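Just below is one structure, and these are the notes that go with it.
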Amino acid sequence: MNRERVLVLMRTLAGLPPETLRRLVAGLPPPAVRALVEEWWWGARGGQNEPQGDWRVWAIVAGRGFGKTRVGAEWIRARARELGPEGRIALVAASLDEVERVMVEGESGLIACLRSGERVDWQRTRGTLRFANGATAFAYSAERPSMLRGPQHHFAWCDELAKWPRAEAVWDNLMLGLRLEPVGGRPRTIVTTTPNSMPLLKRIVALPRTATTRGRTADNPFSAEDFREAVMDMYGGTRLGRQELDGEMIDEAEGALWSREVLDAARTEAAPELARVVIGVDPPAGASGTCGIVACGLGKDGNAYVLGDHSVSGMRPEGWARRVAVAAEAWDASRIVAEKNQGGDMVESVLRAVESGLPVKLVCATRGKAARAEPVALRFETGKARLAGRFPQLEDELAGLTCAGFEGPGGSPDRADAMVWAMSELFEKMRGEPRIRQL
């Protein structure tokens with residue numbers, strides 16, 4: 001029976017009423033009951049189940065503690081059982097040591113997931129793992145691409161690809177050798193990794209025959225609750241947390257005005273006492289667009305701070321204008337700076353219609369987004385501008401803004417524009433009037 005039919009059968013059994021299932025199991029011989037109880041796929045969560053379809057690469061790109069290693073080990077074990085004595089499987093990690101410690105002997109590795117009575121022969125000096133039916137898994141290090149030049153395989157498991165030192169060459173050699181056809185199937189690869197903006201991972205995910213599964217640390221109810229709470233307290237909302245816990249692919253455009261490193265270095269938990277607050281507004285071009293609404297303040301320490309991102313999407317003018325008024329009241333703003341290119345004087349009229357006393361200043365974009373943003377980006381680099389908290393969507397836009405244009409998420413950096421308008425207003429008021437010095 002092929003694995004697709006087995007999965008259908010198991011899903012059918014899982015859907016039976018408890019009493020019916022109990023009677024069915026009671027009539028089975030002990031070995032069959034033991035096999036059912038030990039079967040991993042009964043307890044697998046949605047993101048851990050093998051995807052349907054004609055895929056060649058299954059990429060599980062998820063946060064730490066999601067259960068990626070267990071999925072990889074269970075999938076390889078299942079494939080090894082389908083192969084005969086001639087079966088060949090590639091196990092690839094950042095180093096041979098990691099193949100042994102994580103993929104083979106780890107607490108969620110291949111040996112740990114064996115069923116009662118199953119045996120394997122792990123020869124660490126040779127880097128081979130022989131299954132009972134004769135199928136063999138071979139260990140390969142991503143430090144040595146030449147190890148994969150020549151060998152052929154039916155299946156492959158690539159663990160923590162984001163850590164591979166010579167990723168491109170190793171992957172290419174592996175794929176060129178993945179050409180042995182298993183009986184009744186096709187060569188396939190499973191990739192289990194935390195996300196990284198490395199070009200190879202982007203390339204793999206973009207392949208037409210890649211099935212991608214994403215997941216978060218919080219998705220695994222079997223991990224220690226104290227661990228989940230502790231890491232969220234420490235890293236929740238940060239770039240590192242979004243990548244390592246939430247499984248997000250945190251990207252940065254080449255030549256970005258704000259690098260991720262600069263943004264992290266500019267972060268502080270809270271702003272000091274403020275001397276002035278400005279709300280920057282970048283109105284949407286259409287009804288379905290995003291209205292950038294960002295609050296920035298000048299601290300009494302002389303530095304400027306991003307205080308809050310109140311941006312909204314899909315609202316009519318009176319809707320986003322009301323959100324601007326709420327933000328202005330919440331931060332006790334002394335000025336609202338709004339771009340008037342989109343809608344002209346309508347921007348001011350709609351804001352005053354919601355709250356007649358709003359101190360609105362309209363500005364006209366006479367320069368490109370990058371030219372306006374560069375002086376503000378320089379302030380961040382020199383420590384004169386900071387982030388008072390975590391603003392994931394705003395930060396993604398800042399990291400996508402380059403001198404050549406915008407390469408971030410969405411069609412326009414609305415939040416980034418709003419922040420630049422607010423920061424520019426604060427810095428403009430900080431400049432002293434020019435004076436002639438007498439000699």
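All residue numbers refer to positions in the sequence shown, counting from 1. Because the structure is predicted, anything quoted here is derived from the model rather than measured. Because only heavy atoms are used, hydrogens play no part in the values below, and waters and symmetry mates are left out as well, while side chains stay in.
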Examine distances only and state if a side-chain atom of [X] and a backbone atom of [Y] form a donor-acceptor pair shorter than 3.5 Å.
X	Y	value
E118	L114	no
T382	L378	yes
D414	P284	no
T290	G292	no
R214	T212	no
S311	R415	no
N173	P145	yes
E160	T194	yes
S334	V277	yes
T69	S108	no

Find out whether [X] and [Y] are in side-chain contact, i.e. whether some heavy atom of one side chain is under 4.5 Å from a heavy atom of the other.
X	Y	result
V61	T213	no
W164	V92	yes
L263	L398	yes
R119	F131	no
F155	R88	no
L394	V306	yes
M232	L245	yes
V71	I60	yes

Can you tell me if [X] and [Y] form a side-chain donor-acceptor pair at under 3.5 Å?
X	Y	answer
W421	E339	yes
W58	T189	no
W320	H310	no

Report task. List the steps, then state whether side chain to side chain contact (heavy atoms under 4.5 Å, CB included) holds for Y305 with L387. Result -> CA-CA 6 Å; Y305 295 83; L387 300 169; over 6 Å; no

[X] atom [atom1], neighbour heavy-atom count above 12 within 6.0 Å:
X	atom1	value
E225	CD	no
R179	CZ	yes
Q152	CD	yes
R316	CZ	no
R101	CZ	yes
E374	CD	yes

Mind checking the [atom1]-[atom2] spacing from [X] to [Y]? Nearest 0.5 Å is all I need.
X	Y	atom1	atom2	value
T128	I89	OG1	CD1	12.5 Å
L91	C158	CG	SG	9.5 Å
K163	L161	NZ	CG	11.5 Å
L298	E425	CG	CD	11.0 Å
L174	R149	CG	CZ	13.0 Å
N196	Q243	CG	CD	5.5 Å

So, for [X] and [Y], which heavy atoms are closest and what is the spacing to 0.1 Å?
X	Y	result
T193	A162	OG1-N, 3.2 Å
R372	V376	O-CG2, 4.2 Å
D159	M103	CB-SD, 3.7 Å
A80	A135	O-CB, 3.8 Å
R188	G53	NH2-O, 3.1 Å
A73	L110	O-CD2, 3.4 Å

State plainly whether the residues [X] and [Y] are in salt-bridge range, i.e. N to O under 4.0 Å.
X	Y	answer
R322	E318	no
R203	D172	yes
R186	D54	yes
K369	E397	no
E261	R267	no
E269	R390	yes
D396	R242	yes

Derivation and outcome, side chain to side chain contact (heavy atoms under 4.5 Å, CB included), residues R130 and Q123: CA-CA 8 Å; R130 187 174 296 276; Q123 298 287 334; over 6 Å; no

| query | Would L148 and V170 satisfy side chain to side chain contact (heavy atoms under 4.5 Å, CB included), going step by step from the backbone distance to the final call? | reply | CA-CA 7 Å; L148 282 157; V170 172; 3.7 Å; yes

Check against side chain to side chain contact (heavy atoms under 4.5 Å, CB included), R79 and W157: CA-CA 11 Å; R79 302 294 77 76; W157 175 15; over 6 Å; no

- Item | Plane angle bin for H153 and Y140 - parallel if under 30°, tilted between 30 and 60°, otherwise perpendicular |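 Geometry flag for H153 against Y140: perpendicular rings.
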
- prompt: How far apart are the C-alpha atoms of E381 and R386, what are their side-chain angles, what is the distance that settles it, and do they pass the salt bridge (charged side-chain N to carboxylate O under 4.0 Å, His left out) test?
  reply: CA-CA 9 Å; E381 289 186 21; R386 305 180 67 81; over 6 Å; no

Item to complete: Give a yes/no verdict on a cation-pi contact between R77 and W75, requiring under 6.0 Å between NZ or CZ and the six-membered ring centre and an angle within 45° of the axis.
Response: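 No, R77 and W75 do not form such a contact.
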
